[in-house]
Amino acid sequence: MKTLQYMIVGIMATGLAACGGEKDPSNSSSSSSSSSSSSSSSSSSSSSSSSSSSSSGSAVISTTIQEATTGFCYADYSVASGGVDTEHPGYTGSGYIDVQNAASSKIEWLIQASEASVYTVKFRYANGASAARSGVLAANGNAGSAASFVFNPTGGWSSWVEESAEIALNAGSNRLVLTGVAAEGIANIDVITISGPASSAQTCSGSSSSSSSSSSSSSSSSSSSSSSSSSGNGGSGNMPRMNISQFVGYGNAVTGGQGGQVVYASTGTDIHRAICQRASTSTPLIIMVNGTINHGNTSRVTGSCDTAADRVQFKGVSNISLIGVGNSAVFDQLGIFIRASENIIIRNVHVKNVKKSGSPISNGGDAIAIEGGPQTRIWIDRNTLEASGGESDGYDSLLDMKNDTTYVTVSYNHFRNSSRGGLIGANDDPDGNNFIVFHHNFYENIEQRTPLLRRATIHMFNNYWENNRSVNQIHYINARADGKALVQNNYFKNTNNPLLSSTDSDVPGCWVANGNIWEGGTYTRTPSSGGAHHVPQNWQRGDLNGTVAGCSVNGASGVLLDNAGDVPAIVKTHAGVGKL
């Protein structure tokens with residue numbers, strides 16, 4: 001099993017290991033925890049520090065990072081603390097971190113490691129509750145090699161002890177994220193110490209390490225009005241603030257086939273066979289696609305599955321990752337269908353020219369269709385989806401979501417040369433769709449529906465639209481029928497009607513928009529002409545920010561916004577197939 005995983009890494013490097021269950025050989029060590037009591041009440045300097053010691057002749061370097069110093073990036077501070085807390089004595093440095101009591105509460109640090117190796121991470125903490133509080137520490141979004149910490153009760157909030165575990169770090173920059181597992185969140189954290197080969201605390205790009213306000217808020221309301229310069233990467237070029245492989249969404253992380261068998265597929269039949277031959281419909285599975293998938297090599301297979309001959313189908317299954325090898329995974333005129341399934345990852349595949357009319361037809365003309373209901377926890381990541389025209393040419397959408405589709409993340413995809421990007425909701429009636437995130441996607445030469453939104457709540461941040469040839473620009477983000485969109489730090493270039501709600505629905509949608517840049521284009525759709533419910537005056541003047549109709553929209557948690565001005569370079573560098 002590990003041999004296969006190492007082969008994957010050899011092909012795809014460590015970016016693949018960060019999500020979906022494939023492990024870098026350097027990440028293969030298991031996590032182990034040990035506790036040692038420490039009730040020191042000394043007050044050390046509130047800064048990061050390094051020390052070295054010798055163990056069996058090899059140097060071990062220890063880097064300590066206090067709150068509000070270099071290397072400390074972000075915390076979901078509790079409302080009561082309002083920041084670095086000092087209520088309970090016995091801490092070191094200037095205080096300690098008291099996060100919100102929530103399963104998604106996070107603390108983040110940035111570490112520079114001299115080499116790829118296993119490091120020991122130690123937390124000094126206090127837990128005055130009666131039950132243990134647990135957290136998961138991931139490096140660079142790599143859920144496959146994350147370390148688990150159990151913060152047992154310490155007998156009081158002023159009693160401090162230590163807990164340690166091992167975790168693999170890459171050579172260079174590493175973002176460490178500690179996330180609470182249960183509703184109680186995690187313990188109060190005094191200090192983090194990283195020990196191993198040489199390491200150092202790294203300045204957090206684009207943020208002040210003294211305040212969580214440097215990161216984007218996970219929610220926004222009618223009072224939101226931040227500019228694109230208020231939270232971002234500080235002009236760091238084509239590198240985003242969040243790790244590219246980091247999961248960001250409304251719900252729990254999508255892990256796909258993490259930890260499951262790894263199989264290779266060069267035909268659609270191979271893919272179906274891998275799905276059908278699992279021990280059960282939920283047995284974790286990673287399918288590596290290396291070849292062109294088309295109608296000629298895709299047939300229906302039976303077993304613990306429900307497949308079809310005219311598309312690659314995930315129906316009534318869970319815990320699967322479908323991942324392309326390099327640039328080789330091409331779905332030629334054959335779509336991907338996800339129905340009544342959960343915890344599915346589609347990554348690094350190229351789906352093109354799927355038709356709903358003409359020949360051959362597949363998947364209702366959608367490159368990826370998520371519908372049929374219910375389907376939840378889906379991650380569509382770093383794919384290229386394209387068509388060669390619109391409905392009159394036989395094509396429909398690149399990505400549709402219908403019939404009770406929830407908790408979907410669409411990240412770093414390249415959508416191109418299609419009339420329709422995709423929609424959420426089959427029609428204006430309640431359809432059960434909700435909580436969908438779009439971030440760092442590249443929409444190139446698309447005419448409409450990026451997305452068309454009905455009823456659901458979505459968060460769209462750091463996406464890029466560009467039209468470099470003549471297209472019929474109908475609309476881009478179109479929130480209709482009570483749909484709600486939080487639209488942050490996006491970049492629109494040469495686009496007409498970037499954000500609106502059309503009168504095609506009797507009830508409009510609403511938006512909170514801030515930090516966006518709009519370069520070139522106009523509103524050809526207005527209430528007086530063009531079938532729009534409402535277009536604010538400042539939008540018509542090119543200022544695509546503000547709130548419509550008293551809208552209040554909650555965004556996804558754990559988001560670190562890039563400056564809108566940096567988005568074109570980031571997205572063009574990292575979105576699409578072959579970028580793992």
T63 vs S199, side-chain hydrogen bond (donor to acceptor under 3.5 Å, both in side chains): CA-CA, chis, key distance, verdict: CA-CA 6 Å; T63 298; S199 64; 2.9 Å; yes
side-chain hydrogen bond (donor to acceptor under 3.5 Å, both in side chains) evaluation trace for S94 with E67: CA-CA 7 Å; S94 63; E67 62 291 327; 3.0 Å; yes
Flag, side chain of S318 to backbone of S341, donor-acceptor distance under 3.5 Å: no
Derivation and outcome, salt bridge (charged side-chain N to carboxylate O under 4.0 Å, His left out), residues E342 and R377: CA-CA 6 Å; E342 180 177 0; R377 296 181 61 223; 3.7 Å; yes
R278 vs V317 side-chain heavy atoms within contact, under 4.5 Å: yes
Separation of D85 CG from N188 CG (nearest 0.5 Å): 7.0 Å
Main-chain N/O of V567 paired to N563 side chain as donor or acceptor, under 3.5 Å: no
Heavy-atom side-chain contact between I378 and I380 under 4.5 Å: yes
Modelled atom types, side-chain donor and acceptor of T406 and T376, under 3.5 Å: yes
Any side-chain heavy-atom pair of Q488 and V512 under 4.5 Å: no
Under 3.5 Å: donor-acceptor pair, side chain of D190, backbone of T92: yes
Ring pair (Phe, Tyr, Trp, His ring centres under 6.0 Å) between F123 and W109, intermediate numbers included: CA-CA 12 Å; F123 290 108; W109 301 266; 5.6 Å; yes
Any F149 side-chain heavy atom under 4.5 Å of V136 side chain: no
Shortest non-hydrogen separation from V99 to I186 and the atoms involved: CG2-CG1, 3.4 Å
Spacing of OG belonging to S117 relative to CD belonging to E166, to within rounding of 0.5 Å: 9.0 Å
N413 and H440 side chains, donor-acceptor separation under 3.5 Å: no
Flag if over 12 foreign heavy atoms under 6.0 Å of CG, N290: yes
N/O donor-acceptor pair under 3.5 Å between N516 side chain and Y491 backbone: no
Trace of the side-chain contact (heavy atoms from CB on, under 4.5 Å) decision for I286 with V263: CA-CA 6 Å; I286 300 166; V263 300; over 6 Å; no
Closest approach of A139 to L169 (non-hydrogen atoms, all atoms of both residues): CB-CD2, 3.7 Å
Side-chain donor/acceptor of D98 to backbone N/O of Y96, under 3.5 Å: no
Parallel, tilted or perpendicular: ring planes of W465 versus F492, cut at 30 and 60 degrees: parallel
Closest contact, heavy atoms only, R133 versus G185: CB-O, 3.6 Å
Full working for side-chain contact (heavy atoms from CB on, under 4.5 Å) between I192 and I194: CA-CA 7 Å; I192 181 175; I194 301 94; 4.0 Å; yes
Side-chain heavy atoms of M460 within contact of I477, under 4.5 Å: yes
Beyond-backbone contact of V161 with R124, side-chain heavy atoms, under 4.5 angstrom: no
N490 side chain to N462 backbone, donor-acceptor under 3.5 Å: yes
Side-chain heavy atoms of L285 within contact of T283, under 4.5 Å: no
Name of the residue among L385, N327, V349 meeting side chain to side chain contact (heavy atoms under 4.5 Å, CB included) with V577: N327
Heavy-atom pair of closest approach, residues T203 and L110: O-CD2, 3.5 Å
side-chain hydrogen bond (donor to acceptor under 3.5 Å, both in side chains) evaluation trace for T255 with N343: CA-CA 6 Å; T255 57; N343 196 24; 3.1 Å; yes
Test item: N101 and S105 side chains (from C-beta on) under 4.5 Å apart, heavy atoms: no
Donor-acceptor pair, side chain of N238 and main chain of A569, under 3.5 angstrom: no
Nearest-0.5 Å distance, CD1 of residue I65 to CD1 of residue I189: 13.0 Å
Any side-chain donor near an acceptor of the partner, S159 and T154, under 3.5 Å: no
S557 OG to K106 NZ distance, which is reported to the nearest 0.5 Å: 4.5 Å
Heavy-atom closest contact (I167 atom, A147 atom, distance): CD1-N, 4.3 Å
Gap separating the CZ atom of R241 from the CD1 atom of I570, nearest 0.5 angstrom: 10.5 Å
Any donor-acceptor pair under 3.5 Å from N348 side chain to G324 backbone: yes
Steps toward side-chain contact (heavy atoms from CB on, under 4.5 Å) verdict (T193, V121): CA-CA 6 Å; T193 301; V121 175; over 6 Å; no
Sidechain-backbone polar pair: T405 side chain, I370 backbone, donor-acceptor under 3.5 Å: yes
Worked verdict on H439 versus Y412 for ring pair (Phe, Tyr, Trp, His ring centres under 6.0 Å): CA-CA 7 Å; H439 74 90; Y412 287 101; 5.7 Å; yes
Lys/Arg N to Asp/Glu carboxylate O, D381 vs R347, below 4.0 Å: yes
N514 and N545: side chain donor to acceptor below 3.5 Å: no
Residue pair Q202 / S173, side-chain donor-acceptor N/O under 3.5 Å: yes
Check ion pair K122-E162 (N to O, under 4.0 angstrom): yes
Nearest atoms (heavy-atom pairs only) where R175 meets Q246: CD-OE1, 4.4 Å
Ring geometry between F461 and H459 (parallel below 30°, tilted from 30 to 60°, perpendicular above 60°): tilted
Donor-acceptor under 3.5 Å (S114 side chain, P197 main chain): no
Derivation and outcome, side-chain contact (heavy atoms from CB on, under 4.5 Å), residues N441 and Y464: CA-CA 6 Å; N441 298 290; Y464 178 56; over 6 Å; no
N174 CG to I111 CD1 distance, which is reported to the nearest 0.5 Å: 8.0 Å
Geometric class of the Y407/F435 ring pair [parallel <30°, tilted 30-60°, perpendicular >60°]: parallel
F247 ring center within less than 6.0 Å of W379 ring center: yes
